[in-house]
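Beneath this line is the structure, given in structure tokens, with notes to follow.
Values in this document were obtained by computation on a predicted structure and should not be read as measured data. For ligands, and for the atoms within them, numbers begin at 1 and follow the listed sequence.
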Amino acid sequence: MKRIAVLGSGVVGQVLADGFLAHGYDVIRGTREPAKLSDWLAAAGARAATGTFAEAARAGELIVLAVKGDAAESVVDLAGVDSLAGKVVIDTTNPIAAEPPVHGVLRFFTTPDESLMERLQRRAPAARFVKAFSCVGNGCMVSPQLPGGPPTMFLCGNDPSARAEVRAILEQFGWDTEDLGEAEAARAIEPLCILWCIPGFRRNSWGHALKLLR
Ligand SMILES: NC(=O)c1ccc[n+]([C@@H]2O[C@H](COP(=O)([O-])OP(=O)(O)OC[C@H]3O[C@@H](n4cnc5c(N)ncnc54)[C@H](OP(=O)(O)O)[C@@H]3O)[C@@H](O)[C@H]2O)c1
């Protein structure tokens with residue numbers, strides 16, 4: 001099994017790192033300040049490690065990018081474009097702007113014709129980015145249990161074999177998947193985060209996920 005590098009000290013990084021550990025993978029988490037993950041490291045067991053973004057990216061065979069959207073490009077630089085080359089990078093990020101939501105509707109710093117993942121792909125052209133996990137709250141990312149059955153995770157990225165690999169991981173984590181093709185589809189997937197958040201902001205209801213009915 002590949003060693004997973006999870007870049008991110010936030011809740012998404014934690015949930016996905018724990019999910020990969022639970023499924024038998026070795027995990028290294030990256031952050032600018034590894035000391036802040038010492039409690040997690042102590043609890044996570046012998047297959048877990050921590051390091052800087054650069055150390056984690058070097059050690060990981062598959063990368064999960066779980067950092068603040070407006071810092072994602074600089075984290076790609078800190079991780080090291082050479083360390084990402086050839087590797088699958090699961091991009092969980094959303095381009096959420098600093099301005100507050102309007103009536104529960106988040107604002108993005110991207111435009112409808114350019115997603116954050118396309119920017120990241122241009123920044124690290126040899127990395128194999130796949131958008132996934134971006135359109136659901138962290139509480140549902142691993143083994144989602146919903147009365148309506150397995151929800152759908154929408155994914156995209158330029159490399160078909162990278163998409164297939166991420167699809168297999170999503171299925172292992174309990175997801176139905178919908179492969180939407182090349183990176184431009186992230187222009188549609190990233191805004192699903194805006195949709196997903198509206199019931200949360202309006203009714204404090206966060207326990208849902210999206211499903212594509214066929
Ligand atoms: N929260 C959710 O339920 C959820 C669901 C779906 C998608 N997402 C997306 O997943 C990503 C992670 O979300 P999150 O809630 O776990 O955490 P977050 O607070 O959005 O991000 C935390 C991470 O961003 C890094 N970061 C912040 N500012 C930085 C800067 N100026 N330079 C370098 N790194 C910086 C932090 O680095 P350090 O470790 O060095 O502090 C940390 O690792 C976001 O893009 C979010 O939109 C979140």
Can I get a per-line list of side-chain donor-acceptor pairs under 3.5 Å for residues 30-39, giving both atom names and the distance, sequence neighbours left out?
from	atom 1	to	atom 2	distance (Å)
T31	OG1	E33	N	3.0
S38	OG	A35	O	3.1

Donor-acceptor check, side chain of W175 to backbone of M141, threshold 3.5 angstrom: yes or no? yes
Evaluate whether atom NZ of K68 has more than 12 neighbouring non-hydrogen atoms of other residues, nucleotides or ligands under 6.0 angstrom away. no
Would you name the heavy atoms of S134 and C193 that are closest together and state the gap between them? O-CB, 3.8 Å
Option whose closest heavy atom lies nearest to atom 5 (C) of ligand 1, chosen from L116, V136, L16, D77: V136
I'd like to check which ligand 1 atoms, numbered from 1 as shown, lie under 4.0 Å from a non-hydrogen atom of G137. 3 (O)
For atom 46 (C) of ligand 1, the closest protein heavy atom turns out to be N94 N, 4.2 Å
Regarding atom 28 (N) of ligand 1: of the candidates A71, G200, A132, A72, which has the closest heavy atom? A71
Okay, side chain of E118, backbone of S115: is any donor-acceptor separation there less than 3.5 Å? yes
What do you reckon, is CZ of R107 surrounded by more than 12 foreign heavy atoms closer than 6.0 Å? yes
Whether F53 lies under 4.0 Å from ligand 1, heavy atom: yes
Does anything in residues 185-211 form a ring-ring contact (aromatic ring centres under 6.0 Å, His included)? List the pairs, not counting sequence neighbours. W196-W206, W196-H208, F201-W206
Backbone N/O of N158 and side chain of R128: donor-acceptor pair under 3.5 Å: no
Return the residue, atom name and 0.1 Å-rounded distance of the protein heavy atom closest to atom 17 (O) of ligand 1. G10 CA, 4.0 Å
Counting heavy atoms only, name the option from V75, L192, V67, V15 that's nearest to atom 23 (C) of ligand 1. V67
If you scan protein heavy atoms around atom 15 (O) of ligand 1, the nearest is V11 CG1, 3.7 Å
Any idea which protein heavy atom is nearest atom 9 (C) of ligand 1, and the distance to it? T92 O, 3.3 Å
min-distance protein heavy atom vs atom 21 (O) of ligand 1 -> K68 N, 3.1 Å
With a cut-off of 4.0 Å, which atoms of ligand 1 are near a heavy atom of T93? 45 (O)
Within the structure, does at least one protein heavy atom fall under 4.0 Å of atom 19 (O) of ligand 1? no
Taking only heavy atoms of G8 into account, list the atoms of ligand 1 that are under 4.0 Å away from them. 43 (O)
Does P112 offer a backbone N or O that forms a donor-acceptor pair with the side chain of R187 under 3.5 Å? no
Has ligand 1 got any nitrogen or oxygen that is less than 3.5 angstrom from a nitrogen or oxygen of V12? yes
Does the N or O separation between T31 and ligand 1 drop below 3.5 Å for any pair? yes
Need the ligand 1 atom indices (1-based, order shown) with element for anything under 4.0 Å from a heavy-atom of G69. 45 (O)
At what distance is the nearest protein heavy atom to atom 43 (O) of ligand 1, and which residue and atom is it? S9 N, 2.8 Å
Options M141, K36, E190, R32, ranked by nearest heavy atom to atom 35 (C) of ligand 1, top entry: R32
Counting N and O atoms only, with roles assigned by atom type, does the side chain of R163 sit under 3.5 Å from a partner on the main chain of G157, one being a donor and the other an acceptor? yes
Would you find more than 12 non-hydrogen atoms of other residues, nucleotides or ligands less than 6.0 Å from R3 atom CZ? no
